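Encoded as structure tokens, the structure appears first; notes follow it.
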Amino acid sequence: MAIATVRNRDKAARLFHALSDETRLHIIERLRAGEQCVCDLTEAFRTGQSRLSFHLKVLKEAGLVLDRPEGRWIYYSLNPTAIEELEGIVDWLKEAASEGSRAGPCCS
């Protein structure tokens with residue numbers, strides 16, 4: 001198995017894991033509007049900072065969000081590069097599904 005394929009699989013697993021939680025999807029939805037301060041996110045989600053920090057950490061480790069400290073606050077935004085990588089993975093899956101539907105019978 002090619003090393004690049006293993007790396008891509010690992011990256012895809014991290015991305016899909018990060019996207020597998022409803023709270024994290026909601027965070028991403030809010031970040032679509034642009035950079036947000038962690039204080040605003042905490043208020044919007046009406047949750048404790050530790051819970052929100054956990055979800056932001058998962059998104060950051062997957063590469064989906066970027067953080068920028070400013071003074072005592074951290075600002076979060078979507079990482080366009082990661083979104084493009086995710087788009088590439090989805091395109092690859094679509095191609096594989098389309099090729100699989102054209103395959104002939106498996107066994108004779």
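Fair warning: this is a prediction, and the values are worked out from it, not measured in the lab. Computation of the quantities below employed the complete heavy-atom set of this structure, encompassing side-chain atoms and omitting hydrogens, waters and symmetry-equivalent molecules.
For residues 26-55, the set of pairs meeting the ring pair (Phe, Tyr, Trp, His ring centres under 6.0 Å) definition, not counting sequence neighbours, comprises H26-F45. Sorted by first and then second residue, the ring pair (Phe, Tyr, Trp, His ring centres under 6.0 Å) pairs with a member in residues 74-99 form an empty list; sequence neighbours excluded.
By the 4.5 Å heavy-atom criterion applied to side chains, Q36 and R30 are counted as neighbours. For the pair L52 and T23, the minimum side-chain heavy-atom distance is 4.5 Å or more. Between E29 and L25, every side-chain heavy-atom pair lies at or beyond the 4.5 Å cut-off.
Shown here are the salt bridge (charged side-chain N to carboxylate O under 4.0 Å, His left out) partners of E70, two or more places apart in sequence or in another chain: R68. Among residues two or more places apart in sequence or in another chain, the salt bridge (charged side-chain N to carboxylate O under 4.0 Å, His left out) test is passed with D67 by K60. In this view, S53 satisfies the side-chain hydrogen bond (donor to acceptor under 3.5 Å, both in side chains) rule with no residue, not counting sequence neighbours.
Clustering ILVMFWY residues whenever any of their side-chain heavy atoms sit less than 4.5 angstrom apart, transitively, puts L64 in the very cluster that holds L41. I89 and I28 end up in the same hydrophobic cluster when Ile, Leu, Val, Met, Phe, Trp and Tyr side chains are linked at under 4.5 Å. In the hydrophobic cluster analysis, where Ile, Leu, Val, Met, Phe, Trp and Tyr join through side-chain heavy atoms closer than 4.5 angstrom, L78 is grouped together with L59.
Expressed to the nearest 0.5 Å, how far CZ of R9 lies from CZ of R14 amounts to 13.0 Å.
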Show the atom names and distances, to 0.1 Å, of all donor-acceptor pairs under 3.5 Å that link a side chain in residues 79-87 to residues at least two apart or in another chain.
| residue | atom | partner | partner atom | Å |
| --- | --- | --- | --- | --- |
| N79 | OD1 | T81 | N | 3.1 |
| N79 | ND2 | G63 | O | 3.0 |
| E85 | OE1 | K11 | NZ | 3.4 |

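A donor-acceptor contact shorter than 3.5 Å links the side chain of R24 to the backbone of A18.
Applying the 6.0 Å contact sphere to CD of E35 captures more than 12 heavy atoms from other residues, nucleotides or ligands.
Of all non-hydrogen atoms in L56 and V65, the two that sit nearest each other are O-CG2, 4.1 Å.
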